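Taking it in order: structure first as structure tokens, then the write-up.
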4 protein chains.
Amino acid sequence: MGVKDRREREKQQRRLSIIEAAEALFSELGFEGTTMQSIADRAELSKATLYLYFKSKEELYLTVCMQGLSLFTDRLQKAVKRQRSPEAKVRAIYLAYIERSLEDPMMFRVLQDTFIERIRRNLSEETVRQISGTIRQWLEFGARLVEEGKERGIFRQDLDAYGFSLAAWRMATGLIELALLSEPMVAEPPELRRTLERSIDYLLKGACPQK
Amino acid sequence: MGVKDRREREKQQRRLSIIEAAEALFSELGFEGTTMQSIADRAELSKATLYLYFKSKEELYLTVCMQGLSLFTDRLQKAVKRQRSPEAKVRAIYLAYIERSLEDPMMFRVLQDTFIERIRRNLSEETVRQISGTIRQWLEFGARLVEEGKERGIFRQDLDAYGFSLAAWRMATGLIELALLSEPMVAEPPELRRTLERSIDYLLKGACPQK
Amino acid sequence: MGVKDRREREKQQRRLSIIEAAEALFSELGFEGTTMQSIADRAELSKATLYLYFKSKEELYLTVCMQGLSLFTDRLQKAVKRQRSPEAKVRAIYLAYIERSLEDPMMFRVLQDTFIERIRRNLSEETVRQISGTIRQWLEFGARLVEEGKERGIFRQDLDAYGFSLAAWRMATGLIELALLSEPMVAEPPELRRTLERSIDYLLKGACPQK
Amino acid sequence: MGVKDRREREKQQRRLSIIEAAEALFSELGFEGTTMQSIADRAELSKATLYLYFKSKEELYLTVCMQGLSLFTDRLQKAVKRQRSPEAKVRAIYLAYIERSLEDPMMFRVLQDTFIERIRRNLSEETVRQISGTIRQWLEFGARLVEEGKERGIFRQDLDAYGFSLAAWRMATGLIELALLSEPMVAEPPELRRTLERSIDYLLKGACPQK
DNA sequence: TATGAATGAGCGTTCATTCAT
DNA sequence: AATGAATGAACGCTCATTCAT
């Protein structure tokens with residue numbers, strides 16, 4: 001039945017437009033700061049309609065988080081493919097993460113929330129497993145690149161590959177957070193941009209000259 | 001009069017117990033998530049009593065933050081004094097920051113919140129200014145150590161001292177956040193501990209061996 | 001669609017019942033003395049529902065006032081139209097003001113409150129401006145009548161037209177206040193009625209016979 | 001015992017200083033707008049002490065009101081004594097009432113409150129009887145002056161003496177209210193001052209020239 | 001399916017009043 | 001007699017959620 005199909009498509013469309021509106025608002029105002037009314041307004045639907053698609057504000061939030069993950073994955077994969085050497089790949093993936101985050105701060109922020117204890121508490125085990133699983137995959141991918149680099153003598157032999165991945169990821173994330181603040185707190189935007197770009201070199205080359 | 005003294009002591013005690021309750025709740029539920037009622041309940045006082053000691057929720061929050069900051073400041077200062085070389089000082093300050101954070105996770109969490117956009121939006125400019133001012137002082141202190149190191153040839157001449165401080169701080173913070181999650185998401189606690197301790201070396205010595 | 005019409009009618013009805021409840025309470029207890037809860041109770045609605053119709057207590061108050069003012073305006077306009085000479089017009093407007101006030105004491109009281117310093121302090125400038133603007137228009141209308149009377153030699157040439165309007169208005173208001181007290185304080189109701197009716201002559205003809 | 005006397009005197013002094021503080025605040029901020037704390041602050045006493053002298057905020061308010069009456073009486077009596085003719089006496093009493101009110105707006109406002117239904121509701125019968133009794137005495141005194149004037153042919157024979165007193169009193173009161181508004185609503189201060197002074201002539205001489 | 005309307009529960013804050021000392 | 005400390009009850013207002021249509 002074409003009618004049924006159309007109905008189904010419209011329903012999916014509605015669902016997407018709710019998610020889109022929610023993402024924008026959650027990332028800008030946070031979970032508590034966002035009201036169902038504001039999401040409904042932005043999606044040009046009534047508040048009650050939201051509850052036909054998501055059984056609570058909570059569930060809508062989770063849906064938004066999950067959707068964001070795949071967008072990051074896509075970008076990082078592309079970035080990596082263009083490079084040959086492990087070092088270049090690490091650098092590329094690092095910078096792609098930064099770029100993607102600055103491009104779509106909303107998604108970045110919503111995802112960061114999943115690392116905040118009090119928000120995670122509201123997520124189902126399944127959800128947490130899915131999110132952390134995906135992130136772990138990236139980190140392991142990064143670790144493999146480092147291992148490869150170690151084998152080729154590009155990276156120090158005593159480097160802990162996974163730990164290094166973790167450190168790089170957290171450093172990037174932390175600096176991006178600063179860069180996304182609406183008003184600078186401890187550093188000005190241009191300074192932060194420069195630091196963001198150079199930060200991977202702090203990690204790769206170190207602060208101390210070596211003999 | 002011993003009576004007055006006792007009264008004064010009791011008052012200070014009450015004040016402290018409010019701060020303690022607030023710290024626990026702010027760290028667990030965030031600024032918006034924490035209600036004055038819940039703080040009062042935890043401190044076994046009435047909501048109105050809170051207002052005898054703090055003129056608003058925000059002032060209480062600021063008090064908690066500033067108290068936390070001074071605990072950090074104390075610790076970092078001590079750590080630095082024990083060392084001679086700039087490199088050792090940087091390392092010491094870095095590790096002291098981690099140690100102190102793991103010792104008092106609640107305080108750490110409350111302070112991190114001030115870097116979350118939507119929480120800052122609910123704080124007065126003055127509150128934000130006070131907190132970020134203190135943090136900036138640490139960062140500048142770190143930057144001065146790096147400069148000193150550069151002068152002595154211990155650090156690379158092309159290093160951006162303030163940027164390096166920022167990067168180190170954010171890396172530590174990000175890794176501590178992971179370590180404080182009640183359930184591991186992407187790494188196990190022992191692994192994280194190790195990574196935390198080594199992370200400063202990732203920054204100081206770099207990943208790539210240098211010729 | 002009849003359904004929509006009915007809905008709209010019901011909505012207007014609800015709005016009116018809120019205004020009615022508010023008017024009764026504001027007139028009895030004043031602006032500060034009246035709570036949104038008490039208005040809701042009287043209108044048999046929940047407190048939150050009030051906010052679907054009026055965005056704040058003040059807006060509701062202003063609505064009640066402005067509605068009251070327009071009822072007065074209507075009445076005064078009608079009264080004036082039936083008369084020819086300025087003197088008759090002044091007399092008619094004066095008596096119409098009294099009649100309307102005695103008919104709808106609640107409205108009268110609500111409007112008087114806007115002249116009480118401490119109530120005005122709780123109203124926004126805009127609210128005060130709107131109310132006093134309307135009242136000023138009446139006073140100016142009264143003053144124009146007096147001017148006209150002066151031109152025709154009906155009123156004394158040295159009469160300050162606006163000042164005379166003010167005096168008449170305040171005298172009427174003050175006497176109405178007495179008449180509306182639930183228990184007589186300084187004069188019995190019949191006596192007050194008589195005084196109210198004659199009071200305009202005290203002003204027009206004066207107490208002293210003139211040679 | 002001199003000690004007991006002193007104690008008693010101090011107690012009375014305390015009581016007076018509370019009344020004084022209360023009067024200032026009640027008249028400026030109204031009953032609801034004034035807090036027991038603010039009265040205590042102004043009287044340089046603790047809040048709890050207020051309750052040793054007055055059993056509630058209500059009772060304190062009433063005490064303030066009652067005290068104001070005698071001050072007015074004194075002034076009006078003096079004003080009247082200086083004049084000979086009934087007309088001059090009426091004029092003098094009228095202007096003295098205005099002067100005294102403008103001099104001590106606080107007392108004026110507190111007394112006006114007793115004519116507001118919702119405040120009177122809280123007064124004991126005794127209190128209301130006392131206040132209205134005193135006012136009635138003034139009005140009757142005014143009425144006797146008018147009668148005297150009528151006998152001497154100074155006032156119109158058909159004048160209702162008591163009604164005329166009432167009208168004059170309410171007109172004065174109403175205009176004073178306007179004059180005491182912190183921001184002009186319907187007339188500027190100088191205009192109001194002029195109107196206040198002339199208003200008694202509107203009543204005595206009338207608006208219409210007589211043949 | 002979609003929604004306008006309604007509301008219970010809760011927010012931060014204030015204040016008259018009480019009570020132990 | 002005086003008070004510092006405490007609090008219950010309320011305030012205006014908001015919001016996630018429900019329900020009749």
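Chain A is the first sequence line, chain B the second, and so forth, proteins listed ahead of strands; every chain is numbered from 1. Since this is a predicted model, take the numbers as computed values, not measurements.
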Contact list for residues 9-34 of chain D, test salt bridge (charged side-chain N to carboxylate O under 4.0 Å, His left out), sequence neighbours left out: D:R6-D:E10

Minimum-distance pair of heavy atoms, taken over all atoms of C:S17 and C:A43: O-CB, 4.1 Å

Atom pair distance, as rounded to whole Å: CD1 in C:I39 and C1' in E:dT7: 17 Å

Taking every non-hydrogen atom, the tightest pair across A:V64 and A:F26: CG2-CD1, 4.4 Å

Nearest-angstrom distance from the residue atom CZ of C:R7 to C1' of E:dA2: 11 Å

Return all side-chain donor-acceptor pairs below 3.5 angstrom for residues 46-59 of chain C, not counting sequence neighbours, or 'none' if the list is empty.
residue	atom	partner	partner atom	Å
C:S46	OG	C:A48	N	3.4
C:S46	OG	C:T49	N	3.3
C:S46	OG	C:T49	OG1	3.0
C:K55	NZ	C:E59	OE1	3.4
C:S56	OG	C:E58	N	3.4
C:S56	OG	C:E59	N	3.1
C:K57	NZ	C:F31	O	2.8
C:K57	NZ	C:T34	O	2.8
C:E58	OE1	C:S124	N	3.2
C:E58	OE2	C:S124	N	2.5
C:E58	OE2	C:S124	OG	2.9
C:E58	OE2	C:T127	OG1	2.5
C:E59	OE2	C:K55	N	3.4

Position toward the 5' end of DNA chain E (nearest nucleotide), D:Y51 or C:E8: C:E8

Nearest non-hydrogen partners of C:I131 and C:T114, listed with the distance: CD1-CG2, 3.5 Å

Within 6.0 Å of CD in C:E125, more than 12 heavy atoms from elsewhere: no

Minimum heavy-atom distance A:V110-A:S27, with the two atoms named: CG2-CB, 3.7 Å

With the criterion being N/O to N/O and under 3.5 Å, what pairs connect the protein with nucleotides 8-11 of chain E, and how long is each?
residue	atom	partner	partner atom	Å
E:dG10	O6	C:K47	NZ	3.4

Gap between atoms CD and P, on C:E10 and E:dT3 respectively (whole Å): 20 Å

Backbone N/O of B:Q130 and side chain of B:T134: donor-acceptor pair under 3.5 Å: yes

First-last contacting nucleotides on DNA chain F - partner chain B, under 4.0 angstrom, heavy atom: F:dA5 to F:dA10

Pairing residues for A:R7 by the salt bridge (Lys or Arg N to Asp or Glu O under 4.0 Å) criterion, not counting sequence neighbours: none

Nearest-angstrom distance from the residue atom NZ of A:K11 to C1' of E:dT1: 9 Å

Sugar-phosphate, base or nothing in reach of D:Y53, heavy atoms under 4.0 Å: sugar-phosphate

Sugar-phosphate, base or nothing in reach of C:R14, heavy atoms under 4.0 Å: sugar-phosphate

Nearest heavy atoms of B:L111 and B:C65, plus distance in Å: CD2-O, 3.6 Å

Within 6.0 angstrom of D:E8 CD, more than 12 heavy atoms from elsewhere: yes

Axis bend over the full length of the helix from E:dA2-F:dT21 to E:dT21-F:dA2, computed from five pairs that close each end, to 10 degrees: 30°

